[in-house]
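Below: the structure, in structure tokens.
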Amino acid sequence: MRKFKKLLSLSLVGIMLLSGCQGGDKPKKTDESKSEAPSESVQGSQESNTDKEPTGPSADAPMMTWIVGNTSAEVDDDAEVVKMIESRFNIDLKTWRVDDTNTLSVRLAGGEMPDVMVVGNSSEIPNLVKGGVLHEMPIEDLKEKAPNYYKATEEYGESLFWSSMLYEGKNYGAPQPMQNVPMAMFYRKDWLDKLNLELPTTIEELENVLEAFVTQDPDGDGQNNTYGMAERTFNAIFGAYGLRCVTGGSKAFKVEEMQLGDDNIPFFPWIRPEAKEVLTLLANWYNRGLIDPEFVTGENTGGYTWLSHSFMNNKIGLTCAQPYHYLVAGTDTTDSDNYGICMTELKGVNPDADIAIGLPPKGPKGQSGTEAWNKSGRLTALTTQAFKDERVVNAFYAMLDAYYSDMDYARLANYGIEDVHWKKSPYGPVRIMEGTQLREQGVLQVDFGSTVPFSMNITPEKVKFGEEVTGNGYWRYNAPAVPEFAENIDTLKSLTNQAFFDIISNQKPIDYFDEFVEEFKNAGGESIEKAVQEEQARILAELNQ
Amino acid sequence: MKQENQGKRIRKKNHPTEKRRSFGKNITLYRDDYIMLLPGLIYFLIFAYAPLWGLIIAFQDYYPLKGIFGSQFVGLKHFKKLFTDPFFARVFKNTIIISVYKFIFGFPAPILLALCINEIKAMRFKKTMQSISYLPHFLSWVVVSGIMVEFLSPSRGPINVLIKALGMDPIFFIADKRYFRGMLVMTDMWKSIGWGSIIYLSSIASVDQEIYEAAMIDGAGRFKRIIHITLPALVPLLTIMLIMESGKLLNDSFQQVYNFLTPTTEEVGDVISTFVYRKGILQMNYSFSTAVNLTKNIISFVMVVIANTIANRVNEYALW
């Protein structure tokens with residue numbers, strides 16, 4: 001049986017892969033070609049049934065360049081996953097290496113364009129449209145050419161689902177219905193245990209825990225060199241006061257991310273009176289040494305973004321990240337199969353370290369919550385260049401649809417090949433290759449992330465665990481694109497980050513906040529807020545029709 | 001060679017009014033020289049003059065894919081926006097202050113180093129010192145900033161370990177407004193001092209040794225020889241370097257500042273280039289950033305002209 005599988009896989013994979021010399025490890029990888037055929041409209045899927053040699057696309061296949069937000073590696077054009085995707089959709093897939101949005105900006109300025117791109121923030125849409133980069137992607141086309149995708153959006157998409165890529169009444173991308181979980185709060189369990197502390201549930205309790213981390217020498221080295229937390233936990237403190245003020249994986253606050261009120265009215269959380277309360281608290285904590293003064297240069301000092309070096313190196317006892325960054329699908333911290341990338345690293349540096357996950361602390365009014373990402377996924381869009389060749393556009397729709405209709409394909413795009421890139425475990429599929437390497441091999445390049453169908457079918461354990469260990473999430477809201485936003489957001493970013501950092505680090509008095517609010521409003525904050533609110537109301541009315 | 005050539009032709013043609021030759025004749029006459037000039041000329045045409053055309057976009061709402069011809073002209077819109085920007089005055093001020101600091105401390109530093117190195121008599125030691133001093137020049141700012149963040153860290157950095165050992169509170173150099181500019185100047189000096197001293201060393205080496213010998217016979221000590229022989233010999237070079245530096249006063253080091261800047265130091269450290277980068281590259285306002293840079297370059301140009309005029313008055317070594 002094994003031999004048969006091996007033969008089958010080899011014949012399908014072709015000569016090229018024979019030289020890959022790990023043929024025996026890859027028996028499952030071509031399952032996608034045998035799975036139930038997606039709907040007839042999906043171009044390319046039939047090809048994969050007839051094409052027995054996934055050694056790449058046919059000679060006349062159109063080239064499709066694709067970029068994902070931040071790609072950490074140059075993709076190997078001859079990688080097996082790339083070849084398999086190419087032959088399935090009959091395209092010559094090229095991925096752009098863009099390590100951050102700036103690189104993309106520079107290339108766009110030079111007149112270069114990919115076919116498929118991910119827009120970092122909906123505020124960039126007006127410039128990209130006016131600059132002739134983005135091409136309209138009518139919802140009707142998506143409905144017709146990617147029916148399975150469209151069905152999923154109807155089933156799982158929220159009320160504002162389509163508003164994220166809408167600009168001047170036209171749709172510019174394919175949002176994804178995501179199955180996300182908010183950030184989890186990771187405490188150093190060995191510290192808590194040593195000091196006989198419980199996981200905190202309120203801000204006061206958290207304060208006591210942090211105080212103990214600072215004063216009672218939790219790492220037992222006899223020196224007063226520990227702090228409570230740093231910038232990655234700020235989001236949970238703001239969350240306890242009902243605000244979504246987040247830093248994500250960066251060192252500064254993401255001022256461009258507005259918050260959507262319960263009444264569906266968007267606003268800037270930065271200038272709310274509650275923000276002053278939080279800043280007062282944080283400034284006080286900083287003064288008492290509960291916040292690592294080096295939060296200014298960040299918890300992460302290089303390498304994979306979500307690593308927190310301060311947390312790993314016994315400097316702080318609390319950090320925030322996605323549950324899967326540390327643990328795949330359970331609270332067991334002894335089984336290395338259950339380790340996410342950050343946990344592996346933590347154990348490598350500090351074998352005695354252990355972690356515990358706490359719920360976000362409750363504030364004075366009982367509110368709580370941590371940062372949560374986009375519920376409508378990456379803002380994947382097609383460019384005007386893609387529309388020069390209809391085959392490229394159709395291939396994109398086919399790839400999109402396949403991600404929703406064919407779970408084996410979705411797994412291939414997201415996880416890669418079994419026993420090469422991932423393996424089965426009681427926790428669901430576990431990646432066995434490090435992120436950069438995975439991307440080099442073409443995995444995580446043309447996927448659409450943890451969409452609802454993907455999560456339900458492929459990683460149910462991960463989702464269940466993630467939901468268990470996290471509390472309320474402040475979901476990212478994609479403000480509808482208005483011209484004022486792009487014009488002034490940069491000034492607001494600088495203003496806010498300076499004010500917040502200065503106040504927290506005691507360089508400016510807390511009363512400076514009122515001055516900052518005035519500056520913020522005058523520098524365009526007020527007019528942006530108004531414009532976004534109006535546009536949002538207009539879109540809501542339009543979508544409700 | 002030029003003069004020799006000229007002399008030959010004069011004799012051959014026996015032409016008395018040599019100066020009034022036409023341009024075409026000039027070219028045939030000095031063909032070899034012009035051919036040697038050509039690569040440099042082409043370089044400047046392609047990389048310095050041709051791009052000037054692109055300045056047009058400062059007066060347009062420019063989008064790369066529409067190109068210069070397809071984009072709409074908006075007159076002085078971007079300049080107006082620049083002068084009303086809440087950060088413009090601050091950015092301008094920071095740039096000048098940081099540049100002046102760098103000029104005051106950074107300009108004499110390589111000269112002093114060159115004088116010191118020149119006085120070292122042990123050849124092997126001299127070469128080693130020289131090599132070590134210019135090694136940091138080859139490190140990129142990304143690397144240097146990474147090293148410095150660790151080096152100056154209040155918890156892990158050796159400097160602060162020392163400060164703490166002396167019983168003082170650690171200083172967070174990177175994030176403290178009071179130290180940020182000083183830190184920029186220091187790191188810049190550390191990185192460029194050795195490389196900058198090369199040009200002075202070569203100039204010193206060309207000084208006639210007999211002058212030194214004569215001075216020694218007259219009883220001039222080391223210090224006197226430096227003051228009265230080496231430094232005067234450096235004056236022409238110093239003048240040229242000064243004029244060139246004056247043009248760089250508004251040319252901040254983007255890579256350096258960008259890699260060190262944090263929200264707490266933006267107030268004292270945000271400079272024109274980081275500002276342009278945020279506006280232009282991150283927000284894709286290409287026209288706006290071109291307008292900023294054009295403004296900056298006009299000011300720089302004026303400054304060079306002023307410096308040159310002063311140099312003309314003070315001594316005869318001006319650029320033109």
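Computed from a prediction, not measured in an experiment: that's the story for all the values here. Note on naming: letters A, B, ... go to the chains in the order of the sequence lines (proteins, then strands), and numbering restarts at 1 for each one. Quick note: numbers below take in every heavy atom, side chains included, and nothing from hydrogens, waters or symmetry partners.
In the displayed structure, B:Phe301 atom CZ is contacted under 6.0 Å by at most 12 heavy atoms of other residues, nucleotides or ligands. Residue-environment remark: NZ (A:Lys251) stays at or below the threshold of 12 foreign heavy atoms within 6.0 Å. Applying the 6.0 Å contact sphere to CE of B:Met186 captures no more than 12 heavy atoms from other residues, nucleotides or ligands. Other residues, nucleotides and ligands place more than 12 heavy atoms under 6.0 Å from the CZ atom of B:Phe138. Within a 6.0 Å sphere centred on CZ of B:Phe79, heavy atoms belonging to other residues, nucleotides or ligands number more than 12. Summarising the local packing, CZ of A:Phe387 is surrounded by more than 12 heavy atoms from other residues, nucleotides or ligands at distances under 6.0 Å. For A:Tyr512, the OH atom sits in a packed shell: over 12 heavy atoms of surrounding residues, nucleotides or ligands are nearer than 6.0 Å. Residue B:Asp169 qualifies as open at atom CG: its count of foreign heavy atoms under 6.0 Å is 12 or below.
There is no contact between B:Asp270 and chain A, counting heavy-atom distances below 4.5 Å. For B:Pro86, the part lying under 4.5 angstrom from a heavy atom of chain A is the side chain only. With a threshold of 4.5 angstrom between heavy atoms, B:Arg178 does not approach chain A through any atom at all. Of the two parts of B:Ser71, neither the backbone nor the side chain holds a non-hydrogen atom closer than 4.5 Å to a non-hydrogen atom of chain A.
Residues A:Asn127 and B:Tyr63 are in side-chain contact: their nearest non-hydrogen atoms beyond the backbone lie under 4.5 Å apart. Proximity of A:Phe500 to B:Pro263: side-chain heavy atoms (C-beta onward) are nowhere separated by under 4.5 Å. Looking at A:Lys508 and B:Glu267, their side chains come closer than 4.5 Å, going by heavy atoms from C-beta outward. Contact annotation: the side chain of A:Thr297 approaches that of B:Ile174 to within less than 4.5 Å [non-hydrogen atoms, C-beta and beyond].
Atom-to-atom distance recorded for B:Arg278:CZ and A:Ile489:CD1 is 12.5 Å, nearest 0.5 angstrom. The structure places CZ of B:Arg156 at 5.0 Å from NZ of A:Lys315, a figure rounded to the nearest 0.5 Å. Between atom OG1 of residue B:Thr264 and atom CZ of residue A:Phe295 there is a gap of 7.5 Å, rounded to the nearest 0.5 Å. Interatomic distance, CG of A:Asp490 versus NZ of B:Lys279, reported as 4.5 Å (0.5 Å rounding). A distance of 3.0 Å separates NZ in B:Lys177 from CG in A:Asp502, rounded to the nearest 0.5 Å. In this structure, A:Glu487 CD and B:Phe288 CZ are separated by 9.5 Å, a value rounded to the nearest 0.5 Å.
Contact between A:Ala486 and B:Asn285 at its shortest, heavy atoms only, is O-ND2, 4.4 Å. Here the closest heavy-atom approach between residue A:Gln507 and residue B:Ala175 is recorded as NE2-O, 3.5 Å. Closest approach of A:Pro293 and B:Phe172 over heavy atoms only: O-CE1, 3.1 Å.
When each of A:Ser494, A:Ala523, A:Gly298 is scored by its heavy-atom pairs under 4.5 Å with chain B, the top score falls to A:Ser494. Comparing A:Ser505, A:Gly131, A:Ala499, A:Ala252 by heavy-atom pairs within less than 4.5 Å of chain B, the highest count is held by A:Gly131. Contacts with chain B were tallied for A:Asn497, A:Leu128, A:Val296; A:Val296 has the most, counting heavy-atom pairs under 4.5 Å.
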Derivation of the side chain to side chain contact (heavy atoms under 4.5 Å, CB included) call for A:Phe501 and B:Thr262: CA-CA 9 Å; A:Phe501 274 57; B:Thr262 59; 5.8 Å; no
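Under 3.5 Å, the side chains of B:Ser155 and A:Glu294 contain a donor-acceptor pair of N or O atoms.
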